[in-house]
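Down below is the structure, laid out as structure tokens.
In this text the structure is predicted, and so the values were computed from the model without any measurement. Each ligand, and each atom within it, is numbered from 1 in the order the structure gives. Here, residue 1 is the first one in the sequence, and each next residue gets the next number.
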Amino acid sequence: MPSLLAGKTALVSGVANRWSIAYACAKELARNGASLVLTYEGERTQPEVEKLGAELGNALVAQCDVGQDASIAALRALLEERGVRLDAVLHSIAFARKEELTGKFYATSRDGYALALDVSAYSLVAMCRELRSVFAAQASVMAMTYLGSVRAVPSYNVMGVAKAALEACVRYLAADLGESGVRVNAISAGPIKTASARAVGGFTNILGEVAAKSPLRRNVTQTDVGNAAVFLASDLSSAITGHVLYVDAGYNIMGMT
Ligand code: 0WD
């Protein structure tokens with residue numbers, strides 16, 4: 001079988017543990033021939049990410065707190081020093097305070113709103129700006145989003161607003177970076193039980209709704225999303241940019257069921 005990503009290097013952010021969507025993406029990217037750079041937020045996640053990085057074939061593991069420009073710049077310096085050029089970059093990071101992910105959206109605090117948008121959306125802009133100098137020609141940047149960006153999903157609240165901003169950032173970045181051959185896309189994944197997802201109030205109901213009402217009558221797996229990441233990282237998607245690719249068993253197309 002020809003390796004779709006042979007000779008390419010992919011940086012994957014947002015691996016926290018084995019259930020992280022980013023971990024499945026890293027696994028599928030590696031299985032299709034990519035060399036990996038995995039980033040972790042801080043000391044809390046470092047040991048697990050180092051362990052998973054070793055399992056995935058000696059990935060280069062580095063710290064990057066996307067809430068800090070200096071941390072992203074330090075990552076760039078490390079990549080420059082090692083002579084690493086990035087053919088693919090996956091942003092798989094989001095954060096909102098747990099109390100903002102339940103109850104009424106209008107209860108969102110000013111600083112909770114700013115924090116959610118900073119970590120979950122602005123960070124993609126900062127990553128693209130700071131890492132641009134280590135992008136390979138025709139690099140593919142991908143960000144993980146969710147339907148709550150375009151529909152009001154109970155409890156998703158401020159994270160829906162952050163995902164709307166993230167998707168808009170994808171379009172503006174695609175417009176900016178296209179002239180250098182760089183593509184920027186989002187994957188809108190269906191709900192998957194991960195540590196972050198469990199913070200959303202009533203998450204089990206969301207899973208049940210998709211299983212019952214999506215055209216394919218099932219939920220998606222981390223591997224479904226990983227396969228889409230392989231496609232977007234590969235030359236098979238060479239003319240696709242600024243796009244939101246739904247990997248949700250078709251749930252987003254449904255009106256009344
Ligand atoms: O249903 C789901 N799980 C969906 C998730 C459906 C559709 C989209 N997504 C999105 C999320 O919003 C996020 O953008 O996919 C992305 C990955 O989410 P995940 O795999 O569900 O969540 P998780 O395994 O918790 O990984 C997210 C990680 C954080 O994990 P913890 O559990 O430690 O909060 O994002 C990382 C962190 O490791 N993260 C950061 N990394 C660097 N700098 C930062 C930061 N400032 N903040 C959080």
Worksheet item: atom 21 (O) of ligand 1: which protein heavy atom is closest, and how many Å away?
Response: Thr194 OG1, 2.4 Å
Worksheet item: Given Ala121, Gly190, Ala195, Ala24, which has its nearest heavy atom closest to atom 6 (C) of ligand 1?
Response: Gly190
Worksheet item: Is a donor on one side and an acceptor on the other found under 3.5 Å between the side chain of Lys8 and the backbone of Ala139?
Response: no
Worksheet entry | More than 12 heavy atoms of other groups within 6.0 Å of Glu99 CD | yes
Worksheet item: Among protein heavy atoms, which lies nearest atom 3 (N) of ligand 1, and at what distance?
Response: Ile192 O, 3.0 Å
Practice prompt. Indicate if Leu131 and Leu177 have the same hydrophobic cluster label, given that clusters are the connected sets of ILVMFWY residues with side-chain heavy-atom separations under 4.5 angstrom.
Written response: yes
Worksheet item: Which atoms of ligand 1 have any heavy atom of Pro191 under 4.0 Å away?
Response: 1 (O)
Worksheet item: Run the side-chain hydrogen bond (donor to acceptor under 3.5 Å, both in side chains) check on Glu100 and Ser109 step by step: do they pass?
Response: CA-CA 8 Å; Glu100 320 262 20; Ser109 66; 2.9 Å; yes
Worksheet, complete the sentence: At under 4.0 Å between heavy atoms, what of Lys163 touches ligand 1? The answer is side chain
Worksheet, complete the sentence: atom 9 (N) of ligand 1 has as its nearest protein heavy atom Ile21 CD1, 4.1 Å
Item to complete: For atom 24 (O) of ligand 1, grab the closest protein heavy atom and report residue, atom and distance to one decimal in Å.
Response: Ser20 OG, 2.7 Å
Discussion item. For the 3.5 Å polar cut-off, considering only N or O atoms, please tell me whether Phe95 and ligand 1 meet it.
Written reply: no
Response to the item:
Value for OH (Tyr251) from CG (Asn219), rounded to nearest 0.5 Å, stands at 10.5 Å
Discussion item. Run the side chain to side chain contact (heavy atoms under 4.5 Å, CB included) test on Val230 and Leu29 for me, step by step, so that the C-alpha distance in whole Å, both residues' side-chain angles and the decisive distance to 0.1 Å come before the verdict.
Written reply: CA-CA 6 Å; Val230 169; Leu29 290 164; 4.2 Å; yes
Discussion item. Does this structure show an ion pair linking Arg132 with Asp176, if we count only N-O contacts that are shorter than 4.0 Å?
Written reply: no
Discussion item. How far is atom 16 (C) of ligand 1 from the closest protein heavy atom, and which atom is that?
Written reply: Ser92 OG, 3.4 Å
Practice prompt. Only heavy atoms count here, so choose which of Thr145, Leu147, Val66 is nearest to atom 8 (C) of ligand 1.
Written response: Thr145
Worksheet item: Do the side chains of Ser234 and Leu5 get nearer than 4.5 Å, heavy atoms only?
Response: yes
Worksheet entry | Flag, side chain of Asn32 to backbone of Ser3, donor-acceptor distance under 3.5 Å | no
Worksheet entry | Close-contact set for ligand 1 against Val119 heavy atoms, below 4.0 Å | 46 (N), 47 (N)
Worksheet item: Identify the closest protein heavy atom to atom 25 (O) of ligand 1: which residue and atom is it, and at what distance?
Response: Ser196 OG, 2.5 Å
Discussion item. Checking Leu78 now: which residues fulfil side chain to side chain contact (heavy atoms under 4.5 Å, CB included) with it, not counting sequence neighbours?
Written reply: Ala62, Arg82
Worksheet entry | Heavy-atom nearest neighbour of atom 42 (C) of ligand 1 within options Ala199, Ala22, Ser120, Cys64 | Cys64
Worksheet item: Checking side chain to side chain contact (heavy atoms under 4.5 Å, CB included) for the pair Leu56/Lys27: CA distance, chi angles, key distance, verdict?
Response: CA-CA 7 Å; Leu56 288 170; Lys27 206 160 100 179; 3.8 Å; yes
Worksheet entry | Options Glu41, Gln222, Arg44, ranked by nearest heavy atom to atom 31 (P) of ligand 1, top entry | Arg44
Worksheet item: Under 4.0 Å from any heavy atom of Asp65, which atoms of ligand 1 are there?
Response: 43 (N), 45 (C), 46 (N)
Worksheet item: Do we see a donor-acceptor contact under 3.5 Å between the side chains of Glu80 and Ser133?
Response: yes
Worksheet, complete the sentence: re atom 38 (O) of ligand 1, the protein heavy-atom contact at minimum distance is Ala16 CB, 3.9 Å
Practice prompt. Pick, from Val200, Leu207, Ile93, the option with the minimum heavy-atom distance to atom 41 (N) of ligand 1.
Written response: Ile93
Worksheet entry | Residue selection (non-hydrogen contact nearest atom 26 (O) of ligand 1) among Ser13, Gly14, Cys25 | Gly14
Worksheet item: Any idea which protein heavy atom is nearest atom 10 (C) of ligand 1, and the distance to it?
Response: Met144 CB, 3.8 Å
Worksheet item: Considering only heavy atoms of Gly67, which atoms of ligand 1 have at least one such atom less than 4.0 Å away?
Response: 46 (N)
